[in-house]
Amino acid sequence: MIGAHPDDCDLKGGGTAILYSKMGYAVKFLSVTNGDAGHHAMKGDALAKRRYSEAQEAGKRFGVTYDVLDNHDGQLMPSLEVRLQIIKKIREWDADIVIAPRPNDYHPDHRYTGVLVQDASYMVAVPAVAPETPALKKNPVFLYFQDNFQRPNPFRPDVAIDISAVFDQKIHALDAHESQVYEWLPWIGHYYEQVPPNKNDREKWIAKIWAVTITPAVRTSLEKWYGKERGGLAKHAEAFEICEYGAQPTDEDLKRLFPMLGK
Ligand SMILES: [Zn+2]
């Protein structure tokens with residue numbers, strides 16, 4: 001999973017990552033920037049270091065490896081240099097699945113991460129590009145994280161994962177991003193005064209703040225993959241849209257690639 005900042009994959013795909021990890025599959029989170037602009041009272045190297053160690057702790061709690069590229073937060077451009085970094089990372093991981101933001105997100109870093117991964121999607125299989133890292137023999141399946149943006153087209157939940165059973169574990173992992181979930185995001189979102197002063201109350205609080213309402217489209221997708229009853233009961237879900245680039249999976253392929261579907 002590829003995000004712009006060291007907490008993006010966690011928020012959008014953390015539950016799915018936990019389910020993979022519990023089933024014995026290897027998951028990597030990659031942050032394309034080092035997060036050095038994501039705070040109101042800290043910045044630069046000190047912030048990047050703090051966020052790196054938060055990401056490592058979160059990675060442990062999710063059961064994933066967590067890589068952070070040393071590009072500045074808030075300044076990401078869809079350059080050839082960063083495209084090559086991403087191609088290299090996808091190849092080294094020998095990824096079957098790559099999940100990234102859609103390129104119509106509000107945040108320029110998210111948007112360009114979406115573009116960069118799209119730009120890498122074909123090139124990962126081209127041997128003459130970045131020849132120091134062997135090209136992939138098989139193109140991975142690329143998907144997008146869920147978002148609420150409507151233009152030019154709304155997110156389409158091709159796959160929806162019931163994460164209810166691991167929701168508490170996801171919240172516990174998000175809690176590792178202290179500088180974000182308890183400091184920066186409440187500050188920029190104007191709800192800083194709601195942060196519980198007592199540490200013991202904090203995870204319950206972020207569970208409320210970060211629970212994503214299941215949209216009718218996601219519910220329909222859950223019912224498709226889990227059956228009416230189980231799909232209808234799921235309390236928490238993460239959904240993904242298939243990108244038109246990269247390998248195009250059939251429903252059978254998706255069941256193989258997302259072995260937690262229906263379980
Ligand atoms: Zn972000």
Side-chain angles (χ1 to χ4, degrees), residues 1-17 27-59 61-62 64-79 82-83 85-86 89-90 98-120 142-150 155 170-171 173-192 195 206 209-212 238-241 243:
M1 299 190 192
I2 303 180
H5 307 113
D7 67 340
D8 290 355
C9 297
D10 317 51
L11 291 163
K12 298 287 182 125
T16 304
V27 181
K28 182 189 287 294
F29 287 178
L30 173 66
S31 175
V32 180
T33 78
N34 60 17
D36 63 357
H39 206 274
H40 47 291
M42 292 178 77
K43 60 179 176 347
D45 268 1
L47 180 58
K49 279 205 185 88
R50 182 177 180 200
R51 296 195 65 181
Y52 183 79
S53 62
E54 288 173 347
Q56 295 312 309
E57 176 59 29
R61 297 185 192 183
F62 281 115
V64 309
T65 56
Y66 212 130
D67 287 5
V68 178
L69 295 175
D70 201 19
N71 300 304
H72 287 302
D73 185 354
Q75 301 180 33
L76 187 67
M77 295 297 287
S79 65
V82 185
R83 188 201 298 169
Q85 293 172 0
I86 289 175
K89 283 288 181 186
I90 294 172
V98 179
I99 311 180
R102 293 200 300 159
N104 57 331
D105 196 281
Y106 78 103
H107 195 303
D109 290 349
H110 298 175
R111 204 152 62 225
Y112 294 138
T113 297
V115 171
L116 284 156
V117 175
Q118 283 187 343
D119 288 352
F142 289 81
L143 299 108
Y144 299 118
F145 291 121
Q146 184 177 1
D147 63 56
N148 296 320
F149 303 103
Q150 300 297 308
F155 170 83
K170 175 178 179 180
I171 293 301
L174 292 179
D175 163 79
H177 293 285
E178 217 172 50
S179 71
Q180 302 302 296
V181 294
Y182 303 124
E183 297 173 21
W184 166 240
L185 296 170
W187 186 88
I188 191 81
H190 307 289
Y191 57 94
Y192 199 64
V195 179
I206 46 170
I209 299 273
W210 292 105
V212 177
E238 286 169 354
F240 308 101
E241 174 177 333
C243 170

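Only this structure's heavy atoms are used, side chains among them; waters, hydrogens and symmetry mates stay out. When a ligand or atom number is given, it counts from 1 through the structure's own listing order.
Looking at H5 and the Zn ion (ligand 1) together, the shortest N, O or S contact belongs to ND1. Sorting the N, O or S atoms of D8 by how far they are from the Zn ion (ligand 1) puts OD1 first.
For H110 and F149, the distance between ring centers is not under 6.0 angstrom.
With 2.8 Å as the limit, H110 counts as an N, O or S neighbour of the Zn ion (ligand 1).
Under the side-chain hydrogen bond (donor to acceptor under 3.5 Å, both in side chains) test applied with D10, the options H5, H177, Q180 reduce to a single match, H177. The salt bridge (Lys or Arg N to Asp or Glu O under 4.0 Å) test with R51 singles out one residue from D70, D8, D7, D36, and that residue is D7.
No side-chain heavy atom of P6 sits under 4.5 Å from any side-chain heavy atom of E54.
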